[in-house]
Amino acid sequence: MQEKYLPTEIEHAAQQKWTASQVYRARDDADRPKYYCLSMFPYPSGKLHMGHVRNYTIGDVLARYHALRGFNVMQPMGWDAFGLPAENAAIANNVPPAAWTYANIDHMRTQLQALGFAIDWSRELATCKPDYYRWEQWLFTRLFEKGVIYKKMATVNWDPVDQTVLANEQVIEGRGWRSGALVEKRDIPMYFFRITQYADELLSGLDTLPGWPERVKTMQANWIGKSVGVRFAFPYQLDGKNEKLWVFTTRADTIMGVTFCAVAAEHPLATRAAENNPALAAFIAECKQGSVAEADMATMEKKGMDTGFKVTHPLTGEQVPVWVGNYVLMSYGEGAVMAVPAHDERDFEFANAHGLPIKQVIQNTLVHTDVLRAQRPESDYPELYFDATRWKSWYASKSRDEVLVFNSGKYDWMYTDDAVDAIAADLAALNLGEKKTQFRLRDWGISRQRYWGCPIPIIHCDTCGDVPVPAEQLPVVLPEDVVPDGAGNPLNKRADFVNCACPKCGGAARRETDTMDTFVESSWYYARYACPDFEGGMLDARANQWLPVDQYIGGIEHAILHLLYARFFHKLMRDEGLVSSDEPFANLLTQGMVIADTYYREAADGKKTWFNPADVELRDGNAFLKSDGQPVDIGGTEKMAKSKNNGVDPQALIDQYGADTARLFTMFAAPPEQSLEWSDAGVEGAHRFLKRLWKLAHDHVQGGAVAAFAGGELPEAAKTLRRQLHQTLQKVSDDIERRKQFNTAIAAVMELMNALAKLEGDDAVTRSVRQEVLEAAVTMLAPIVPHIAEALYAELKPGATMAWPKVDESALVQDEIELMLQVNGKLRGQIRVAATADKAAIEAAALASEAAQKYLEGQAPKKVVVVPGRLVNIVV
RNA sequence: GCCGGGAUGGCGGAAUCGGUAGACGCAGCGGAUUCAAAAUCCGCCGCUGGUAACAGUGUGGGGGUUCGAGUCCCCCUCCCGGCACCA
């Protein structure tokens with residue numbers, strides 16, 4: 001056995017062995033239980049980043065652990081290959097996105113292989129290949145014919161200089177990233193998936209996913225945002241015709257407190273009002289500037305302007321003014337809201353800003369009669385009384401059964417829920433409204449005015465309209481020799497792509513040049529891995545054999561969009577008869593972000609240049625660029641991303657220390673679900689541990705062959721070590737399988753190795769215990785550091801196959817245990833008692849102890865709390 | 001702004017069901033080995049006071065529940081993720 005740990009050599013050898021024997025090939029025909037372990041596939045951005053290493057190591061640990069436990073494991077890998085960065089690279093380097101993407105895939109595949117992941121490479125797929133996206137196009141045409149996909153107008157960011165649609169990411173402080181022009185909102189036709197039709201099922205389905213983190217399910221539930229409310233109308237007359245302004249509210253109980261209505265700038269009523277009102281037209285134009293991102297909309301200053309129109313309150317008959325408000329979203333509900341400034345924070349701010357009346361219609365139950373008011377005068381109980389200046393503290397602290405409706409005529413002194421029902425019934429009787437379930441979730445717009453994406457399989461014919469491409473004409477192949485220039489979609493300039501014959505009438509027609517949102521590709525790839533070679537359709541029977549995915553692993557940043565779309569797509573495929581399950585992912589692990597410091601310099605025009613942490617030097621809390629020694633500004637600690645140039649290249653780590661050290665360090669530095677703040681320190685420690693492990697095994701193997709301990713009496717030290725081994729085995733199994741917390745599993749094995757190094761003696765029985773400990777420790781570490789484990793196991797037990805060790809219950813038995821002794825909750829000492837001692841015996845031992853005598857000072861204890869196996873607390 | 005999460009020594013983190021706060025590792029300090037260094041090995045290591053034994057104090061801040069709170073409840077601060085065209 002080699003005395004020194006040489007990672008490069010053993011990693012090479014191990015990887016060659018695994019490749020030659022195809023051990024990681026998932027068998028479609030195995031009779032062992034299946035375990036489908038899937039990590040979110042990477043976008044081929046160029047090279048692996050730390051987030052990839054973390055993600056795929058977590059997946060690999062779980063895959064390898066289950067393989068050692070006897071499962072038929074499938075761990076596939078592929079490429080989420082369409083997307084915006086390829087176009088940006090194309091513009092910057094004058095290379096076609098296709099060529100750039102394929103080169104990146106080749107490089108990153110090599111990097112993944114160097115990390116020694118137990119991946120079944122025979123199932124590799126790339127979403128930009130026609131044999132993948134043709135089935136996406138096929139499903140699109142099916143869904144289009146079913147009406148699940150439809151076309152409507154939608155608002156996008158428009159760059160008036162570059163004459164192009166911008167992604168939200170390309171809008172920086174309201175301006176186009178390349179042109180610097182003020183961005184405008186523009187309405188264009190787009191295709192939509194009717195995801196709202198599945199809103200209820202997507203919500204209730206969350207309850208069938210015990211293997212998902214609560215926080216992800218909460219986020220999805222809030223995103224879907226089911227609310228029961230009332231949709232009703234304010235009637236009005238315009239141009240001699242009777243019209244209705246529809247609104248939706250979850251707080252119909254406050255309807256008598258309405259003092260105005262607010263509509264979105266895009267609302268038809270606003271447009272109509274602006275016709276004869278230049279000031280209003282200018283205001284609406286101003287509202288249409290800026291990005292469409294909700295975060296921008298929500299944080300901007302609340303502005304509004306009176307339209308001059310009045311509508312009629314449906315229950316009081318009062319005239320209510322209609323305002324345009326930039327905080328009202330056209331895309332949510334009706335694009336119009338009733339405003340109750342007394343009981344809604346945004347309405348309250350708006351009313352104060354524009355001098356609109358505020359009418360209180362909710363009263364606290366504790367002061368709602370004269371008698372109760374007398375008992376709790378406002379001077380002593382200000383918090384119970386409504387006051388516009390402390391609106392928030394009064395209202396926010398109330399739950400629905402603490403308040404009553406008042407100032408509201410016939411609805412006075414009703415509880416709010418009863419008032420909603422009564423008001424809804426009265427509005428229904430007037431034919432002006434009804435109870436309605438509303439979702440925050442909007443239909444999924446998938447049209448992108450981009451080149452590097454999956455072509456939407458629609459042909460536009462002047463005679464026949466929008467015609468889906470017939471199945472036999474699929475795929476609509478995207479030409480791969482295109483170099484975009486940043487001004488619009490280059491497909492529009494490709495006559496050979498655009499011009500075609502209408503499949504229905506045969507006449508001259510135009511092909512759709514929009515491509516699909518890349519989230520569409522990533523919504524079904526997990527199913528295609530089961531049958532990547534199937535040419536007869538989207539999926540075959542193997543999909544049901546492998547699905548659902550047993551363990552899905554990916555970044556927390558995908559908690560809502562990707563995971564919701566994938567769940568939605570699974571239901572679409574189910575309803576097409578392609579899969580039989582309802583949910584795609586049985587268990588989900590959302591790894592935290594890998595974050596790092598950001599550094600930048602700001603130019604005079606406000607443009608920021610970002611510098612990589614590797615190129616920056618820190619001195620006394622200030623940062624300097626290594627190349628010129630000049631200071632740079634320190635930004636926040638953020639998710640490693642190209643846009644902030646704060647990624648740390650894992651390749652250097654692998655080159656210097658080997659893949660096992662990189663894997664060990666990423667698993668040891670933080671628990672998977674927490675964000676991992678990158679620092680170079682600590683890598684050395686992980687490497688040191690592997691060297692120590694190697695040396696321990698080496699020194700033992702040098703002593704000659706020995707069989708693992710198989711029973712009998714042991715000296716005390718060996719017996720204690722053996723107990724620790726089996727405790728460790730229990731803990732590591734639990735940490736990996738149930739807790740999915742690998743840092744503590746590693747720590748436990750480190751402790752075991754520290755204890756092993758202290759075990760003395762070279763007699764046969766001690767050596768047999770050492771053999772048992774080493775074999776088990778190497779196996780426990782194998783999922784995390786597979787290369788060194790492979791090499792050491794071959795030395796320890798030549799020719800044998802690794803399998804997860806079994807816990808020896810008899811090794812765990814202990815005669816005496818130690819309990820903590822507290823007096824009044826403060827730790828004052830320890831006592832030793834027999835493991836079998838009952839409460840009375842423990843209490844007696846505690847009271848008799850020296851520490852208890854000292855702190856009791858002769859007083860009789862009031863109470864003694866005994867927590868079995870843990871502690872005794874004497875209360876004086 | 002809204003939704004979700006987080007904050008524990010100089011640093012990363014541990015404490016799994018309300019029961020020994022700081023496991024394991026990094027950095028640091030002391031020692032052994034060495035001509036010397038690296039590597040390795042042994043020991044110390046929250047803070048304050050004390051030679052020490054020990055005492056007090058300590059989990060972002062404020063309050064509460066409990067025999068007992070890092071953990072549960074209420075309020076607040078800061079940081080991170082998402083917000084529908086980054087992936």
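A note on names: the letters A, B, ... follow the listed sequences, proteins ahead of strands, and every chain is numbered from 1.
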Enquirer: Between A/T744 and A/D735, is any side-chain donor less than 3.5 angstrom from a side-chain acceptor?
Expert: yes
Enquirer: Compare the minimum distances between each of B/G4, B/G81, B/U16 and the side chain of A/M593, then state the nucleotide with the smallest one.
Expert: B/G81
Enquirer: So what does A/R450 touch, heavy atoms closer than 4.0 Å: a base, only the sugar-phosphate, or nothing?
Expert: base
Enquirer: Assign A/E557 to base, sugar-phosphate, or nothing according to its heavy-atom contacts below 4.0 angstrom with the strands shown.
Expert: base
Enquirer: Contact class for A/L871 vs. all strands (heavy atom < 4.0 Å): base, sugar-phosphate, or nothing?
Expert: base
Enquirer: Please work out if A/H562 contacts a base, only the sugar-phosphate, or nothing of the nucleic acid, heavy-atom cut-off 4.0 Å.
Expert: nothing
Enquirer: Using atom C1' in both nucleotides, what's the gap between B/C73 and B/C24 to the nearest angstrom?
Expert: 33 Å
Enquirer: Would you mind classifying the nucleic acid contact of A/A748 as base, sugar-phosphate or nothing, using non-hydrogen atoms under 4.0 angstrom?
Expert: nothing
Enquirer: Report which part of the nucleic acid A/M516 touches: base, sugar-phosphate, or nothing (heavy-atom distance under 4.0 Å, all strands).
Expert: nothing
Enquirer: A/R440 near the nucleic acid: base, sugar-phosphate alone, or nothing, with a heavy-atom cut-off under 4.0 Å?
Expert: base
Enquirer: What I want to check is whether an N or O donor and acceptor connect the side chain of A/E294 with the base of B/C2 at under 3.5 Å.
Expert: no
Enquirer: Of the nucleotides B/A87, B/G43, B/C83, which one has an atom closest to the side chain of A/K639?
Expert: B/A87
Enquirer: Contact class for A/K4 vs. all strands (heavy atom < 4.0 Å): base, sugar-phosphate, or nothing?
Expert: nothing
Enquirer: Report the residue from A/V292, A/N157, A/V156 that forms a side chain to side chain contact (heavy atoms under 4.5 Å, CB included) with A/K185.
Expert: A/V292
Enquirer: Would the number of heavy atoms belonging to other residues, nucleotides or ligands and lying under 6.0 Å from CD of A/E349 be above 12?
Expert: yes
Enquirer: Choose from B/C85, B/A87, B/G19 the nucleotide whose nearest atom is closest to any side-chain atom of A/Q822.
Expert: B/G19
Enquirer: Roughly how many Å apart are B/G46 and B/G22, using the C1' atom of each and rounding to a whole number?
Expert: 8 Å
Enquirer: In terms of side-chain heavy atoms of A/I560, which of B/G82, B/U16, B/G13 is nearest?
Expert: B/G82
Enquirer: Report yes if at least one side-chain N or O of A/T518 is closer than 4.0 Å to OP1 or OP2 of B/A87; otherwise report no.
Expert: yes
Enquirer: Please answer whether the main-chain N or O of A/D443 pairs with a side-chain N or O of A/T196 as donor and acceptor at a distance below 3.5 Å.
Expert: no
Enquirer: Tell me which nucleotide among B/A87, B/G19, B/G43 gets nearest to the side chain of A/K758.
Expert: B/G43
Enquirer: Can a side-chain donor-acceptor contact be found between A/S179 and A/D162 if the only test is distance below 3.5 angstrom?
Expert: no
Enquirer: Please measure how far the C1' atom in B/U20 lies from the corresponding atom in B/A32, and state the result in whole Å.
Expert: 34 Å
Enquirer: Describe the nucleic acid contact of A/R870 in one word from base, sugar-phosphate, nothing, applying a heavy-atom distance below 4.0 Å.
Expert: sugar-phosphate
Enquirer: Applying a 3.5 Å limit to both distances, which nucleotide forms a Watson-Crick or G-U wobble pair with B/G43?
Expert: B/C29
Enquirer: Using the C1' atom in both, what is the distance from B/C2 to B/C72, to the nearest Å?
Expert: 27 Å
Enquirer: For B/G60 versus B/G43, give the span between their C1' atoms, rounded off to a whole number of Å.
Expert: 34 Å
Enquirer: Which part of the nucleic acid does A/F668 contact within heavy-atom distance under 4.0 Å: base, sugar-phosphate only, or nothing?
Expert: base
Enquirer: Name the orientation of the base relative to the sugar in B/C45: syn if the glycosidic angle is within 90° of 0, else anti.
Expert: anti
Enquirer: From B/A84, B/U16, B/G12, pick the nucleotide closest to the side chain of A/L441?
Expert: B/A84
Enquirer: Pairing donors with acceptors under 3.5 angstrom, does anything connect the side chains of A/R178 and A/Q170?
Expert: no
Enquirer: Could you please name the partner base of B/A84, counting Watson-Crick and G-U wobble pairs only when both distances are under 3.5 Å?
Expert: none
Enquirer: Can you figure out which of B/C85, B/A39, B/A87 approaches the side chain of A/P85 most closely?
Expert: B/A87
